[in-house]
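Counting from 1, the numbers follow the sequence of the chain as shown. Computed from a prediction, not measured in an experiment: that's the story for all the values here. Indexing begins at 1, ligand by ligand and atom by atom, following the structure's order.
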Amino acid sequence: MSAPGENLRIDAERLWATLLEMAKIGPGVAGGNNRQTLTDADKAGRDLFRSWCDAAGLTMAVDRMGTMFMTRAGSDPDALPVYVGSHLDTQPTGGKYDGVLGVLAGLEVVRSLNDLGIKTRHPIVVTNWTNEEGARFAPAMLASGVFAGVHSLDFAYGRKDPDGKSFGDELKRIGWVGEEEVGARRMHAYFEYHIEQGPILEVENKQIGVVTHCQGLWWLEFTLTGREAHTGSTPMAMRVNAGLAMARIFEMVQKVAMDAQPGAVGGVGQVKFSPNSRNVLPGTAVFTVDIRSPDQAKLDGMRARIEKEAAAICADLGVGCAVEAVGHFDPVTFDPVLVGRVRKAAENLGYSHMNLISGAGHDACWAAKVAPATMVMCPCVGGLSHNEAEDISKEWAAAGCDVLFHAVLETAEIVSDKME
Ligand code: HGY
Ligand code: MN
Ligand code: MN
């Protein structure tokens with residue numbers, strides 16, 4: 001098996017044009033994207049991706065979670081495929097590159113193999129996982145979680161969005177319920193190329209993140225029960241104030257995360273007051289605490305402390321306190337052999353690189369439960385992500401895709417090419 005020629009590069013202009021074309025689907029209001037999972041915009045994005053894959057000669061399979069598996073045949077029908085995946089769904093105020101870069105870079109790898117006439121022993125499967133973001137239907141990484149056996153299909157189908165619509169009904173509505181049993185396929189290896197969504201690579205002036213680990217996560221959904229009452233006529237001593245309890249919990253989460261430094265984060269992104277009327281004290285306050293750390297003991301210690309101290313805060317105010325873990329994965333160690341191939345590809349291609357622990361969660365975290373998996377990362381401007389102003393350069397996008405190309409090629413094994 002010949003190693004890929006060091007001069008092999010993907011087509012940077014084509015990759016960039018493909019990214020900008022996809023960005024036109026489900027535009028946001030500030031230059032980014034709002035292509036939330038199972039919406040009409042998601043359907044349009046899937047249809048466009050499928051048309052590109054058809055043109056590249058890929059064969060499509062879809063599983064019952066709607067995940068798209070686009071296969072380029074290998075020479076050996078018995079060889080397990082090499083997967084290259086990520087997600088096309090976005091946050092409500094998402095960027096143009098989070099997830100999308102990884103799916104369309106996988107397409108660019110295949111397009112480049114076609115241009116070069118390179119045949120690989122292992123098939124290559126470009127993958128679009130359904131509902132990575134978890135913004136509309138919690139938890140995040142839902143389809144890859146079902147694929148890895150972490151969630152049941154029924155659990156996933158029953159997840160509800162804020163309007164009460166179910167995942168299963170919405171997947172059927174957009175016409176993307178596939179036939180394939182989820183998780184039936186086996187992987188030789190899984191690669192995911194992603195923007196860092198953090199500031200490290202840009203600050204360190206490195207082109208490539210060689211991702212060795214991903215930090216673990218808990219999403220703790222709190223439901224605090226106070227008493228709805230008039231904000232004007234209810235004396236302070238008579239209040240059962242779920243909003244005040246929530247505020248004290250937010251402050252406490254910040255302190256728990258700061259006490260766990262370095263290598264821990266904690267915060268809240270979503271809050272729902274009911275009745276959410278400006279002159280009614282909230283009857284309920286529902287919010288999700290998002291805590292993360294690459295250190296298992298730290299992660300679980302933060303969870304235990306937050307739940308204990310939240311109960312005490314609520315007891316002190318006479319507020320009811322219920323908590324449910326609605327998202328979780330332990331810290332992930334990616335496959336050392338694949339990590340080594342990413343590092344070697346960056347070195348051979350002359351790109352600056354450094355080891356990185358992923359701050360964000362990715363479908364690769366669940367893929368790593370069922371196959372050797374790893375990630376490649378490129379910098380993003382100011383480390384900003386999950387924001388419509390998310391930005392990368394064409395050069396950064398291409399460098400990471402070149403590294404992905406070489407690591408995938410080495411793993412899929414070249415059996416013939418025009419250069420022979
Ligand atoms: O939450 C995450 O880390 C990912 O963006 N779903
Ligand atoms: Mn992502
Ligand atoms: Mn994301």
Side chain Asn387, main chain Gly95, donor-acceptor under 3.5 Å: no

For Lys272, all residues meeting side chain to side chain donor-acceptor pair (under 3.5 Å), sequence neighbours excluded: none

Neighbour count >12 (heavy atoms, 6.0 Å) for atom CZ, Arg50: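 Open: at most 12 neighbouring heavy atoms sit under 6.0 Å from CZ of Arg50.
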
Heavy-atom neighbours of Gln261 CD exceed 12 at 6.0 Å: yes

Cut-off under 2.8 Å, centre the Mn ion (ligand 2), protein N/O/S atoms: His87 NE2, Asp98 OD1, His194 NE2

Arg64 and Glu181 ion-paired at < 4.0 Å: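 A salt bridge links Arg64 with Glu181.
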
salt_bridge(Asp163, Arg136) N-O dist < 4.0 Å: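 Salt bridge: no.
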
Residue pairs involving residues 249-258 (criterion salt bridge (Lys or Arg N to Asp or Glu O under 4.0 Å); sequence neighbours excluded):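 Those involving residues 249-258 are Lys255-Asp259.
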
Could you go through ligand 1 and list every pair where one of its N or O atoms sits under 3.5 Å from a protein N or O, giving the atom names and the distance to one decimal?
residue	atom	partner	partner atom	Å
ligand 1	1 (O)	Arg292	NH2	2.9
ligand 1	3 (O)	Arg292	NH1	2.6
ligand 1	3 (O)	Arg292	NH2	3.3
ligand 1	3 (O)	Gly361	N	2.7
ligand 1	5 (O)	Glu133	OE1	3.3
ligand 1	5 (O)	His386	NE2	3.2
ligand 1	6 (N)	Glu132	OE1	3.4
ligand 1	6 (N)	Glu132	OE2	3.0

Any side-chain donor near an acceptor of the partner, Thr130 and Arg46, under 3.5 Å: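 Note: Thr130 and Arg46 side chains meet the donor-acceptor criterion.
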
Exercise: do Arg341 and Thr374 side chains pair donor with acceptor under 3.5 Å: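 Judged by distance alone, the side chains do not pair up.
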
